[in-house]
Amino acid sequence: MNKKNISDVALDGLRGRTVIVRADLNVPLDAGVITDDQRIRASLPTLQRLAGAGARVVLLSHLGRPKGQVDPAYSLEPVATRLNELLEPAVHFIPHTGGGEASEALEALGPGEIALLENTRFVPGETTNDPALAASWAALGDLFVNDAFGTAHRAHASTAGLAAAMRGKGGEAVAGLLLARELEFLEEALRLPERPFVAIVGGAKISSKIGVVSALLPRVDRLLIGGAMANTFFRALGLGTGDSLVEEDSIGVARELLEQGGERLVLPVDCIVAREIAPDAERRPVERSEVQPGDRILDIGPRTRELFAEMVGAAMTIVWNGPMGVFEIDAFAEGTVDIAHAVATACDAGAIGILGGGDSAAAAERADVMDRLTHVSTGGGASLELLAGADLPGVDALTDRSS
Ligand code: ADP
Ligand code: MG
């Protein structure tokens, strides 16, 4: 990575210095209770390093989509409580996003302590990347650490804007440990992949993943398509898909990708169909050419599972995004679980296996293979953008290594 990260910053110079950290603490909440604290945990190493070096850490994050106004349902206070349980240094919650009241409260912040400000999206200028808002945050310190990979694909005031404002006033903007690790795996491992390089793309919406498929296609040895995505490709082949989820608008693009990909693009040869998406629905394995009117394709079939597992088993680099079926229901989870095991087994044998996507991560968790994979990306949208070769504004705005 040609951007500076926190490892390039001398730790002994941090004592008593105010460092602004943008993390991705956007955790799922149910009536104020955090239901999954993975993102909080993923943010700890950067916070520990800075606090451990005696920095005064001002922490920023968004939570949910409160639409530019204060909404108590999206307060970061429960996140501060959880941080306090997980971290040694004290974490203070400041119920302001900035301004005079926040500055006043920050005066009491000691070296090695952390202050979490209120949800950045409580102010309208956050998502419009208002330079004045960004400058007000940059004014709080002289070093900015962006560790929010999950929002790196958006130019918001607390990400790209704050980095630009910090550099504009002569300070530095660097990547945190989590962001640096994401970039290392997703960017650098893909630049010169060890071959065979196999990508697996599934999930529901083909239109949101066309970019990834077309960017990966020329670079991989095989691109395996599963999930509802495959249905749109079936239609491009002229096959019937019954009542399956299909994006009619994308059939043309699917046809182009089939032409462009040739043998590299591998579609399922059979599928599991049912009449309804329900746990007790009768499921039938059928050839992909035998899907009947009224059928719904809900998983890849047994022959496809074998075919995909074989191709994954031969790979040295694997990128996986999107489940192979409606894995939330046991009856349609087999394809996804098999792929998860195949990727994990390849990783055990020395392959690099990278998983991106929120639902895919949930599927891998369910298949109990999380710790066998080389890297599980925390940012759904951001990892897709990066895999598709797009620039991430939150990263572009950071200080270059050479400068
Ligand atoms: P990720 O979050 O890993 O990027 P997506 O959000 O693209 O994955 O897709 C996940 C969703 O796709 C899951 O909820 C799953 O049930 C759904 N899905 C997968 N295959 C099918 C299918 N054949 N028909 C309907 N939905 C499907
Ligand atoms: Mg998803």
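Start at 1 and go down the list; that is how both ligands and their atoms are numbered.
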Using a heavy-atom cut-off of under 4.0 Å, does the side chain or the backbone of Asn321 touch ligand 1, or both, or neither? side chain
Is the closest basic N to carboxylate O distance between Arg303 and Glu287 below 4.0 Å? yes
Any donor-acceptor N/O pair, Asp147 side chain to Leu178 backbone, under 3.5 Å: yes
Looking only at heavy atoms, which two atoms of Leu179 and Val395 are closest? And how far apart? CD1-CG2, 4.1 Å
Which of these passes side chain to side chain contact (heavy atoms under 4.5 Å, CB included) with Leu398: Asn2, Val145, Asn146, Thr159? Asn146
Closer than 4.0 Å to some heavy atom of Gly357 - which atoms of ligand 1 meet that? 1 (P), 2 (O), 3 (O), 4 (O)
Is the shortest side-chain N to carboxylate O distance from Arg283 to Asp299 below 4.0 Å? no
May I ask you to identify the nearest protein heavy atom to atom 16 (O) of ligand 1, giving residue, atom name and distance to one decimal place in Å? Glu328 OE1, 2.7 Å
How far is atom 3 (O) of ligand 1 from its nearest protein heavy atom, and which residue and atom name does that atom have? Ser360 OG, 2.4 Å
So the ring pair (Phe, Tyr, Trp, His ring centres under 6.0 Å) pairs with at least one residue in residues 168-189 (sequence neighbours excluded) are Phe185-His375
Is it the side chain (CB and beyond), the backbone, both or neither of Arg296 that lies under 4.0 Å from ligand 1, heavy atoms counted? neither
Indicate yes or no: does an N/O atom of Ala228 lie under 3.5 Å from an N/O atom of ligand 1? yes
The option among Ile206, Asn231, Ile297 carrying the non-hydrogen atom nearest to atom 23 (N) of ligand 1 is Ile297
Side chain to side chain contact (heavy atoms under 4.5 Å, CB included), paired with Arg372, selected from Thr374, Val369, Asp368: Val369
Near Gly227 (heavy-atom distance under 4.0 Å), the atoms of ligand 1 are 20 (N), 23 (N)
Pair Asp400 + Lys3: basic N to acidic O under 4.0 Å: yes
Is Lys209 near ligand 1, meaning one of its heavy atoms is under 4.0 Å from it? yes
Are there any protein N/O/S atoms under 2.8 Å from the Mg ion (ligand 2), and if so, which? Asp359 OD2
Is there at least one pair of N or O atoms, one from Ala204 and one from ligand 1, spaced under 3.5 Å apart? yes
Going by distance only, is there an N or O of Asp299 that falls short of 3.5 Å from an N or O of ligand 1? no
Look at Glu184 together with Arg181 and state whether they make a salt bridge at an N to O cut-off of under 4.0 Å. no
State whether a side-chain donor-acceptor pair under 3.5 Å links Thr232 with Glu247. no
Which pair of heavy atoms, one from Ala315 and one from Ala351, lies closest together, and at what distance? O-CB, 3.5 Å
